[in-house]
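What follows is one structure encoded as structure tokens, with my remarks underneath.
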Number of protein chains: 2
Amino acid sequence: MQNRARIVRLFRYRNVARKLKALRYIRVFSENLADAVGVTSAQVRKDFSLFSISGNRRGGYNVEEVIKQIEMVLGKGKLQKVILVGFGNIGRALLRYPGFEKDGIKIAAAFDIDPAKVNRESHIPVLPLSEMGNYVENNSIQIGIITVPDYAAQQVFELMKSAGIKGILNFAPICLQESEECIVNNINLETELESIIYYVKTRKKRKPKQ
Amino acid sequence: MQNRARIVRLFRYRNVARKLKALRYIRVFSENLADAVGVTSAQVRKDFSLFSISGNRRGGYNVEEVIKQIEMVLGKGKLQKVILVGFGNIGRALLRYPGFEKDGIKIAAAFDIDPAKVNRESHIPVLPLSEMGNYVENNSIQIGIITVPDYAAQQVFELMKSAGIKGILNFAPICLQESEECIVNNINLETELESIIYYVKTRKKRKPKQ
DNA sequence: TAGATTGTTAATCGATTAACAATC
DNA sequence: TAGATTGTTAATCGATTAACAATC
């Protein structure tokens, strides 16, 4: 499995290149990408070289080519349908989040255990959790998002795995363990914030009064 | 600066220990923590040893002690007030997210550039962006969350830095560059999901029909 | 050609893992 | 005591960085 940090960087290079393209840039140097993403230029060249993304000595990289080649590596494919389980605060926000669509990601349906939240008529239907298994099978869904409370997460996780889900983005504040059958990306919002607080505090200790 | 992955693991050990405490566990072995967090037991012991968190040879670690010692290291302090800029989908969800409070994190106010979103009477006030600088100063805020659209992110970032914000959790899909004066944690929701899709796809290639 | 940037190799750095002596 | 687990040291592994030859 390729190093996760490297894959994330590749996505970032692509994002920057897309912005540059929108600004009508034709070429870009490793140094520019490095600055935009916050790494060294050597890292950019190394990353590119590992994925055989090549530029032009002296002339840098062609912006279009960079986008195209990274998309090839990362597999910009056809529309990816995903499901979401847990129609609470975060779930609702993600359902309405406009950023996914442009990358070919479509939340096809949401599921919740609370009958009051079910809404089959909605643009993106909200269905009873009990229907998830069938839905996943009928629509060949592979990816799911978990936005349920922590006490429900493990159970929902098992349910999704047995339904055939192969990859999960988990926002419940618990570490779901990934396995051969299912990849997991745990995002703990509290921890993301707490770790910043930690760094701000400790940094100040080292440098009193900046 | 301490390795970020290590700090995140420490938070995870603490979270697990808290759950164990709720279940009336008295002791825990490095092996148990390792399983819960998805690392090796050697890693747990190494992490603990680096922060002088000690257990009992033969008897493992005392759950209470682990929590207390990790909290000491990570600085479970008094209530941390943070602000949020961008009262859209994600911003609204975070404002209502119940998980922060229990870790002593309180979103004190939200800010938005759209006058229609301003609501001074709300439990957590939503204020005009123009008032952010004063608010931050008057309330000694150090931490901010960015949930504005990508095109606004850089500008809001500069504004927050000049207001005196020292740490930022950024959900806008752009890499804000951290500096001496301000720590940044960039979370790109699209990329988090896209990288899972990438891994699911490539894993399947290697193991067809697993 | 001279100058600048890539692509790659080798060196460095740091994190993880293994192993085992210490010890409860 | 015998057995089991920590705590730490040394070995391994992998990722980043430096440096520079290739070359546009």
Side-chain angles (χ1 to χ4, degrees), chain A residues 1-13 16-17 20 25-70 72-73 175 177-178 195 199 202, chain B residues 1-13 16-17 20 25-70 72-73 175 177-178 195 199 202:
Chain A
M1 164 121 46
Q2 260 294 343
N3 177 261
R4 191 177 135 79
R6 175 160 286 127
I7 297 297
V8 168
R9 285 198 301 271
L10 229 48
F11 278 110
R12 289 178 168 171
Y13 302 146
V16 172
L20 292 175
Y25 274 60
I26 301 296
R27 355 196 101 270
V28 61
F29 300 127
S30 56
E31 190 63 36
N32 307 139
L33 289 170
D35 289 344
V37 166
V39 297
T40 64
S41 64
Q43 177 107 78
V44 174
R45 294 197 300 276
K46 182 72 169 178
D47 288 340
F48 279 11
S49 125
L50 284 170
F51 287 99
S52 310
I53 293 166
S54 56
N56 185 308
R57 289 187 213 242
R58 180 89 179 83
Y61 300 88
N62 178 289
V63 173
E64 285 265 21
E65 272 302 306
V66 166
I67 298 172
K68 207 180 298 175
Q69 292 191 68
I70 297 182
M72 191 130 61
V73 169
C175 285
Q177 294 309 314
E178 77 176 13
S195 66
Y199 281 118
T202 54
Chain B
M1 164 122 44
Q2 259 296 343
N3 177 264
R4 190 177 137 80
R6 175 160 287 128
I7 297 297
V8 168
R9 284 198 303 270
L10 231 46
F11 278 110
R12 289 177 169 171
Y13 302 146
V16 172
L20 292 175
Y25 275 60
I26 301 295
R27 352 195 103 272
V28 61
F29 300 128
S30 57
E31 190 63 38
N32 306 139
L33 289 169
D35 288 345
V37 167
V39 298
T40 64
S41 64
Q43 178 108 79
V44 174
R45 295 196 300 276
K46 183 71 171 179
D47 287 340
F48 279 12
S49 125
L50 284 169
F51 287 99
S52 311
I53 294 166
S54 56
N56 184 310
R57 289 186 212 243
R58 180 91 177 82
Y61 300 87
N62 178 288
V63 174
E64 285 265 22
E65 271 304 306
V66 166
I67 298 172
K68 207 181 298 176
Q69 293 192 67
I70 298 182
M72 191 132 58
V73 168
C175 287
Q177 295 310 313
E178 78 176 13
S195 66
Y199 282 119
T202 54

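In what follows, chains are A, B, ... by sequence order, proteins preceding strands, each numbered from 1. Bear in mind the structure is a predicted one, so any value in this text is a computation, not a measurement.
- Remark: the Arg45(B) side chain and the Ser41(B) side chain contain an N/O donor-acceptor pair separated by less than 3.5 Å.
- Under the 4.5 Å side-chain criterion, counting only non-hydrogen atoms from C-beta, Ile7(A) is in contact with Tyr199(B).
- Arg27(A) and Gly59(A) get closest at one heavy-atom pair: NH1-O, 2.7 Å.
- If you measure from atom CD of Gln43(A) to atom C1' of dG14(C), you get 14 Å, rounded to the nearest angstrom.
- The 12-atom threshold is not exceeded at CD1 of Ile26(A), counting heavy atoms of other residues, nucleotides or ligands nearer than 6.0 Å.
- Taking atom CZ of Arg45(A) as the reference point, atom P of dA15(D) lies 19 Å away to the nearest angstrom.
- Atom CG in Asp47(A) sits about 14 Å away from atom P in dT6(C), given to the nearest Å.
- One atom, NZ of Lys46(A), and another, P of dA19(D), lie 15 Å apart when rounded to the nearest Å.
- Side-chain atoms of Tyr13(A) and Asp47(A) include a donor-acceptor pair closer than 3.5 Å.
- Side-chain contact between Ile70(B) and Phe51(B): absent, with no pair of heavy atoms (C-beta onward) separated by less than 4.5 Å.
- Within 4.0 Å (heavy atoms only), Ser30(B) reaches sugar-phosphate atoms of the nucleic acid but no base atom.
- Helical stems in DNA chain C, defined as runs of 3 or more consecutive Watson-Crick or G-U wobble pairs with both donor-acceptor distances under 3.5 Å, are listed by first residue as C:3-24 with D:3-24.
- Across the protein-nucleic acid pair, Phe29(B) atom CZ and dC24(C) atom P stand 16 Å apart, rounded to whole Å.
- Only Ser54(B), Gly55(B), Asn56(B), Arg57(B), Arg58(B), Gly60(B), Tyr61(B), listed by number, bring a heavy atom of residues 54-63 of chain B to less than 4.0 angstrom from any atom of DNA chain D.
- How far OG of Ser54(A) is from CG of Asn62(A): 10.5 Å, rounded to the nearest 0.5 Å.
- Contacts of Arg9(B) with the nucleic acid, taken as non-hydrogen atoms under 4.0 Å apart, involve only primed sugar atoms and P, OP1 or OP2.
- In this structure, Asn56(B) CG and Phe29(B) CZ are separated by 9.5 Å, a value rounded to the nearest 0.5 Å.
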